[in-house]
Participant: 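This structure is in structure tokens; I'll ask about it shortly.
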Amino acid sequence: MDNNTYQQQANELSKQLWAIANDLRGNMDASKFKNYILGTIFYRYLSERTESYMKEILKNDGLTYEEAFTNGDFRPVVEQWSLSKLGYIIKPEFLYKNLQKSIVERTFSIEDYEKAISELTATTMGQESESDFTGLFNDMKLQDPDLGDSVSERTTLIGQVITKVGMIDFKLDDAKFDVLGTAYMILIGLFASDAGKKGGEFFTPTGPSKLCATLATIGLEEARTVGDCTCGSASMLLEVQKHLTSGRVGHFYGQEKNASTYNLARMNMLMHGVDYHNFDIYKGDTLTNDYYGDEKMTVQVCNPPYSLKWTADPSFEDDPRYSGAGKLAPKSHADYAFLEHMIYHMDPDDGRIAVLLPHGVLFRGAAEEQIRKYIVRDLNKLDAVIGLPANLFHGTGIPVCLLVLKSKRNGNSNNILFIDASKEFKPGKNMNTLEEEHLTKIIEAYKERKDIEKFCHVATMEEIEANDYNLNIPRYVDTSEKEEEIDLVAKAADIENLNAEIKSAEGELKKYFDELGLKFPF
């Protein structure tokens with residue numbers, strides 16, 4: 001999908017979400033009401049997925065889902081089909097279209113919606129899908145007094161949300177449009193709130209996300225495993241799938257510390273048609289709790305929180321993820337701890353990493369210098385360093401770098417590619433963006449791996465060693481502009497001529513002053 005099409009879809013979605021948000025705006029803080037909108041979007045998706053699946057499997061029986069569900073012989077079968085394929089069951093009476101119908105007929109109660117969600121979740125208990133659905137709707141608290149003091153007030157408000165969400169064409173058949181992630185960022189952008197200001201932590205903008213996914217999958221037809229250890233809304237995990245030649249991913253892994261965003265990630269995976277059997281999203285702090293175990297990843301992408309503070313407790317010196325370098329990442333900057341975690345989980349045969357980090361990782365000293373030398377010199381997995389423009393991300397204006405690492409360097413083990421793409425962007429009012437032309441230029445330079453004046457340089461390991469493993473991009477890519485030479489003789493002649501003109505003008509002025517009987521001031 002090109003950026004123009006994406007922007008058109010996002011703009012249309014923004015208008016419709018604004019209309020829904022206005023219904024809730026006066027009742028509660030924006031950080032809370034976005035959960036009702038996102039939860040309702042997701043419930044609608046699960047409902048329509050049930051309808052579509054049931055229509056397909058019952059077509060030869062000449063039955064509707066409603067008819068099959070009321071048939072004593074068919075009901076256990078369709079329930080089992082639903083659980084095994086979808087991972088959940090939605091009764092016909094609780095299908096989204098029937099909730100909408102009851103709203104029109106004025107028989108709807110918010111308690112019906114509560115029951116629908118409660119029963120859906122209950123059907124997953126004890127099933128293989130349980131972990132993927134547990135707590136998904138926890139943020140949608142339908143008894144919250146902020147929705148209204150009485151059941152009837154809450155019913156009216158949520159009824160409006162259900163009706164308006166039902167009117168939106170989410171283009172769910174367009175796998176390239178990240179509906180839930182886009183809706184999330186639109187809602188964050190529509191209203192300022194304390195929670196909203198941090199919203200960008202959970203969603204990587206399209207340009208950087210696409211760049212990471214592309215660089216991490218070059219030459220790959222499929223991936224056995226794909227991971228993101230700070231997965232946010234799972235937008236980057238989903239982006240990777242689009243750039244594999246076959247689009248086949250054996251299993252997705254993600255980890256997310258924030259509870260609401262953890263729910264959003266699981267919703268997003270399901271809404272993009274990823275079977276619940278094929279992903280595991282874990283809730284928890286990646287740095288202190290590694291839920292991946294010994295799993296090795298074909299592709300890893302990541303946009304971790306920059307320069308996060310962490311414990312750096314001495315007990316982690318024995319953690320196999322961090323023990324290789326002999327030093328822990330400092331308490332004030334966890335950037336290398338995230339990178340070491342990813343390196344530990346690289347598939348040794350063809351593991352790839354594309355990670356976004358602050359520029360400080362390229363040159364900071366002390367423990368970080370030791371870890372950097374270990375990764376570059378001892379492991380020899382760093383393949384490319386790419387400097388990106390400033391102001392590309394929500395919530396921070398700093399420029400970041402993109403590091404590409406590979407288990408097998410494919411003949412490039414004696415060099416590292418440096419690209420200065422800091423000028424490759426389209427300026428924006430609030431944020432800059434990486435457009436298709438900028439992405440193409442960076443990706444082609446990575447593939448070609450040749451020097452381009454003022455843009456990229458293939459640095460030998462000898463060069464890097466000579467710089468004591470300082471990876472600061474200006475050491476390798478000279479982007480300075482040559483200053484225009486000044487002809488000092490000509491400039492001196494110009495000054496002399498100007499002085500002569502000033503003297504002549506002063507002589508003329510003195511004549512006028514004398515005629516007027518005034519004292520000439522010079």
Side-chain angles (χ1 to χ4, degrees), residues 31 181 184-185 188-189 193-209 211-213 216 227-239 253-266 268 281-292 300-313 316 319 321-322 328-345 353-364 367-368 371-372 375 386-403 405 431:
S31 63
Y184 181 85
M185 286 316 302
I188 289 296
S193 70
D194 289 339
K197 288 171 188 173
K198 294 185 177 180
E201 294 176 8
F202 314 130
F203 186 86
T204 304
T206 305
S209 177
L211 184 61
C212 283
D228 183 343
C229 62
T230 61
C231 68
S233 67
S235 61
M236 285 179 74
L237 276 174
L238 291 161
E239 187 68 38
Y253 290 92
Q255 192 161 333
E256 174 54 43
K257 185 177 179 181
N258 179 281
S260 295
T261 318
Y262 161 68
N263 290 338
L264 189 70
R266 291 182 294 157
N268 226 354
I281 307 290
Y282 302 104
K283 181 183 174 297
D285 184 335
T286 292
L287 299 180
T288 56
N289 297 288
D290 183 7
Y291 289 111
Y292 290 173
Q300 292 179 84
V301 287
C302 189
N303 182 20
Y306 305 142
S307 299
L308 182 75
K309 291 180 173 60
W310 77 304
T311 66
D313 190 278
F316 286 116
D319 189 311
R321 296 175 295 167
Y322 312 130
L328 291 175
K331 288 183 180 181
S332 55
H333 301 97
D335 307 299
Y336 270 114
F338 283 112
L339 183 54
E340 287 177 291
H341 165 91
M342 297 174 78
I343 291 171
Y344 176 76
H345 287 288
I353 289 172
V355 58
L356 296 159
L357 292 169
H359 275 268
V361 300
L362 302 177
F363 54 79
R364 287 192 297 243
E368 289 183 289
I371 298 170
R372 185 168 59 247
I375 293 169
I386 303 168
L388 297 179
N391 205 29
L392 284 180
F393 299 88
H394 305 275
T396 179
I398 65 167
V400 303
C401 62
L402 193 164
L403 304 185
L405 294 92
M431 279 174 56

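Model, not experiment: these values are computed from the prediction.
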Participant: Could you check whether any side-chain heavy atom of Asn303 comes within less than 4.5 Å of a side-chain heavy atom of Pro208, counting everything from C-beta outward?
Facilitator: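 Heavy-atom side-chain distance check fails, nothing below 4.5 Å.
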Participant: Taking Trp310 for the side chain and Ala337 for the main chain, is one N or O donor matched with an acceptor at less than 3.5 Å?
Facilitator: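 Here the side-chain-to-backbone pair does not exist.
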Participant: Is it the case that the side chain of Asn268 and the backbone of Ser233 share a donor-acceptor pair, with hydrogens and angles ignored and the cut-off at 3.5 Å?
Facilitator: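 Side chain of Asn268 to backbone of Ser233, a donor-acceptor pair under 3.5 Å: yes, one is there.
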Participant: Taking only residues two or more places apart in sequence, or in another chain, which ones meet Arg372 in a salt bridge (Lys or Arg N to Asp or Glu O under 4.0 Å)?
Facilitator: none
Participant: Check for a donor-acceptor pair, side chain of Glu239 on one end and backbone N or O of Ala213 on the other, with a separation under 3.5 Å.
Facilitator: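 Answer holds: no.
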Participant: Quick check: closest heavy atoms across Cys212 and Leu402, and the distance to 0.1 Å?
Facilitator: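 For Cys212 and Leu402, the tightest heavy-atom pair comes out as SG-CD1, 3.7 Å.
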Participant: Strictly distance-based, threshold 3.5 Å: is any side-chain N or O of Gln255 a donor or acceptor partner for the main-chain N or O of Asn289?
Facilitator: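 Side chain of Gln255 to backbone of Asn289, a donor-acceptor pair under 3.5 Å: yes, one is there.
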Participant: Can you check whether His345's main-chain N or O pairs, donor with acceptor, with Arg321's side chain at less than 3.5 Å?
Facilitator: no
Participant: Atom CZ of Arg266 and atom CD of Glu256: how far apart are they, to the nearest 0.5 Å?
Facilitator: 11.5 Å
Participant: Could you report the tightest heavy-atom contact between Pro330 and Glu368, atom names first, then the distance?
Facilitator: CD-CG, 3.6 Å
Participant: What's the shortest heavy-atom distance between Thr311 and Lys331, and which atoms?
Facilitator: O-CE, 3.3 Å
Participant: Under a 4.5 Å cut-off applied to non-hydrogen side-chain atoms, are Ser307 and Arg364 in contact?
Facilitator: yes
Participant: What's the spacing between Thr204 OG1 and Met236 CE if we round to 0.5 Å?
Facilitator: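 Interatomic distance, Thr204 OG1 to Met236 CE, rounded to 0.5 Å: 5.0 Å.
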Participant: Side chains of Asp290 and Asp319, heavy atoms from C-beta outward: is any pair under 4.5 Å?
Facilitator: no
Participant: For Val361, is there any backbone N or O sitting under 3.5 Å from a side-chain donor or acceptor partner on Tyr336?
Facilitator: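 Checking the backbone N and O of Val361 against the side chain of Tyr336, a donor-acceptor pair under 3.5 Å is found.
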Participant: Does any part of the side chain of Phe316, heavy atoms only, come nearer than 4.5 Å to the side chain of Thr288, both counted from C-beta?
Facilitator: yes
Participant: Determine whether Leu328 and Asp313 make a side-chain contact, defined as any pair of heavy atoms from C-beta on separated by less than 4.5 Å.
Facilitator: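 No; the side chains remain at least 4.5 Å from each other.
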Participant: Is the shortest side-chain heavy-atom distance between Leu339 and Leu405 below 4.5 Å?
Facilitator: yes
Participant: Looking only at non-hydrogen atoms, find the nearest pair between Met342 and Cys302 and report the distance.
Facilitator: CE-CB, 3.4 Å
Participant: Is there a side-chain contact between Val355 and Phe338, using heavy atoms and a 4.5 Å cut-off?
Facilitator: no
Participant: Rounded to the nearest 0.5 Å, how far does CG of Leu356 lie from CG of Asp335?
Facilitator: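 Rounded to the nearest 0.5 Å, the CG-CG separation comes to 11.5 Å.
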Participant: Does the pair Leu362 and Leu403 meet the rule for a side-chain contact (heavy atoms from CB on, under 4.5 Å), with working shown?
Facilitator: CA-CA 10 Å; Leu362 302 177; Leu403 304 185; 4.0 Å; yes
Participant: Give me the atom names and distance for the closest heavy-atom approach of Met431 to Leu392.
Facilitator: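 The answer is CE-O, 3.0 Å.
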Participant: Hey, does the side chain of Tyr253 reach the backbone of Tyr291 with a donor-acceptor pair shorter than 3.5 angstrom?
Facilitator: no
Participant: Write down the atom of Leu388, the atom of Pro399, and the distance for their closest heavy-atom approach.
Facilitator: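 Here Leu388 and Pro399 meet closest at O-CB, 3.6 Å.
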Participant: Kindly indicate whether the side chain of Tyr292, heavy atoms from C-beta on, has any atom under 4.5 Å from the side chain of Thr286.
Facilitator: no
